[in-house]
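A short write-up of the structure that comes next.
Note that the numbering runs from 1 along the sequence shown for the chain. Treat the numbers as computed from the prediction; the structure is a model and nothing was measured.
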Amino acid sequence: MNGGSLGQRGSYGSLLCDGKSSNNARKPSKMLPVSSREKERVFLGITRCLGRRRVAMLLLVSLALLVFIWGSFTVTKDLVEAITDVLNAPETTSPTFRPTDSIHFDSIDIVSHRSTVCRYRVNSTLGHPCDKFSPPPPPPSGGRRIGPRPCPVCYISAAQARASIPCSSSASPVLHNLTYFIDENPVKTESHGGSDFGGYPSLKQRNDSFDIRESMTVHCGFVKGNRPGFKTGFDIDEADLMKLKDSHEVIVASAIFGNYDIIQQPQNVSEAARKNVPFYMFIDEETEMYFKNSSFLDSNMRIGLWRIIVVRNIPYTDARRNGKVPKLLLHRLLPNVRYSIWIDGKLQLVVDPYQVLERFLWKQNASFAISRHYRRFDVFEEAEANKAAGKYDNSSIDYQIEFYKQEGLSPYSKDKLPITSDVPEGCVIIREHIPITNLFSCLWFNEVDRFTARDQLSFSSVRDKMMAKVDWSINMFLDCERRNFVIQAYHKDLLDQMPPPAAPVVRHPPPLHRDSSSGRSSGKNSRRGRDRRSGSRQRRKAAAGNKQAFL
């Protein structure tokens, strides 16, 4: 047949690309001018040769390039704004850029943004590194009770925790100005409650103190003078008083009275906390004498990280009640402190203070935190447990509980949720020193001063009365979380009563019985030859040594 070839077709009827035009079977001898229609045909041929996939890839690469350019512009703009904010910040805040921190959490590295010295910022798409963390479920009930145990707690790094200190104080609802009663000659006007140190507030004054207003004056210990620690009972040397007036973001405090506990040194404290966080240990003269005789106390009144503050003229005969003064009235002894961590003298802190504050205050937007009792949630059960253990005079406990019952105290139930417990484990208190938390501490101390020294019994009554007046609450976290950052030791009196550890028993192998006639061992596995002779020499040397020991 004459005419041009129709071209070869591949599978599915598509044209095969052979680099030639489909209309010409022969190559012309001379190059002729190419029309616009022929140009279109050439372009379509090239497109078909490249294939649709390659064109799609080209479009995707172009789009990716545009997105990269736009993203680079946005990041550059954000960086310029960040640098501008730093340059325009006031000098007093002293913001600093730190290298990007990496948080190791659950085998995943979460990178946070740079942070200033008083505010912690994370990428909003990531949230807080500990948001997805949840403690494991408690062990199943039944069988042998293993008692309270620590549980895992998620902390950010100590450096990031320190960078997360809020730049401004938390809001104090309603109450803004708090002052304290002074009474040089306190007089007891009612039959029960009060002391020369705390004053003798009447029941009317007590009830008025729960009516929270913008400005208030309440009893709060140290009533005999306008300088807590100076001629008020619970007196402190002038040099120490001046030290306690220093301004600090964070402090850690504890106390040992009546030589009741053995001092515990904090562990895992960051270098920044060692430089910036004072550790104050309040002791009485009896405990001071013990420390001096034991050569624990150096010439700078320090024992390890603890700065020792000696208290003279202690107000109570009960050492445990004296310990309630710094525990609950720390804001009066240290008036220029923002945050404090109180731990009882029997406890050892094993987590950095910044990490503890970030986990239980700053992350929770709380101003007061305390752990709840690991087993009991009801005040009536706690009172019976105190009586059974001989913690305090039973009649005094009964009087206090009956008083609260007449005021409306009822057993704990789920109806009180979101309140999770009425009984705290009060050996650790974490708080921000603002007027509302200072008021709570004062009123709690007044109950301890009026009734028994068992502060667990009065905690919920003070809390509930204040929460009925203002929008304020307390972070009551799990007791197993508390046991994660403090280790509990025995009181010194219990340690003294414990028997000394038994000396290790050294068991010697039984002697070998020999036949008198043959001189050989009667056992089947007796030594022979060289081994037997060497063993005999060893026994002769041991016998000779024993003879010399008795000479």
Check residues 171-186 and write down every donor-acceptor pair under 3.5 Å in which the side-chain atom is one partner and the other belongs to a residue at least two apart or another chain.
| unit_1 | atom_1 | unit_2 | atom_2 | d |
| --- | --- | --- | --- | --- |
| S172 | OG | L175 | O | 2.7 |
| S172 | OG | I436 | N | 3.1 |
| N177 | ND2 | S215 | OG | 3.2 |
| T179 | OG1 | M216 | O | 3.3 |
| T179 | OG1 | T217 | OG1 | 2.6 |
| D183 | OD1 | N185 | N | 3.2 |

Could you tabulate the donor-acceptor pairs under 3.5 Å formed by side-chain atoms of residues 268-278, not counting sequence neighbours?
| unit_1 | atom_1 | unit_2 | atom_2 | d |
| --- | --- | --- | --- | --- |
| N268 | ND2 | V350 | O | 2.8 |
| S270 | OG | A273 | N | 3.2 |
| S270 | OG | D352 | OD1 | 2.7 |
| R274 | NE | V269 | O | 3.4 |
| N276 | ND2 | A272 | O | 2.7 |

Which atom pairs, one a donor and one an acceptor, fall under 3.5 Å between side chains of residues 326-333 and the rest of the protein, sequence neighbours left out?
| unit_1 | atom_1 | unit_2 | atom_2 | d |
| --- | --- | --- | --- | --- |
| K327 | NZ | G426 | O | 2.7 |
| K327 | NZ | D455 | OD2 | 2.8 |
| H331 | ND1 | R431 | NH2 | 3.2 |
| R332 | NH1 | C220 | O | 3.2 |
| R332 | NH1 | G221 | O | 3.0 |

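Listed by first then second residue, pairs satisfying disulfide bond (SG atoms under 2.5 Å apart) with a partner in residues 261-371 number zero, not counting sequence neighbours. Within the structure, disulfide bond (SG atoms under 2.5 Å apart) contacts touching residues 238-339 (residues at least two apart or in different chains) do not occur. Applying the salt bridge (Lys or Arg N to Asp or Glu O under 4.0 Å) test to pairs two or more places apart or on separate chains, those with a residue in residues 216-232 are R227-E238. The stretch residues 272-321 participates, sequence neighbours left out, in no disulfide bond (SG atoms under 2.5 Å apart) pair at all.
By the side-chain hydrogen bond (donor to acceptor under 3.5 Å, both in side chains) test, T437 is found to be paired with no residue, residues two or more places apart in sequence or in another chain being considered. Every residue meeting the ring pair (Phe, Tyr, Trp, His ring centres under 6.0 Å) condition with Y404, not counting sequence neighbours, appears here in chain and number order: F451. Residues meeting the side-chain hydrogen bond (donor to acceptor under 3.5 Å, both in side chains) test with W444, sequence neighbours left out: S458. Here K416 pairs with D422, D464 under the side-chain hydrogen bond (donor to acceptor under 3.5 Å, both in side chains) rule; sequence neighbours left out. Here C427 pairs with nothing under the disulfide bond (SG atoms under 2.5 Å apart) rule; sequence neighbours left out.
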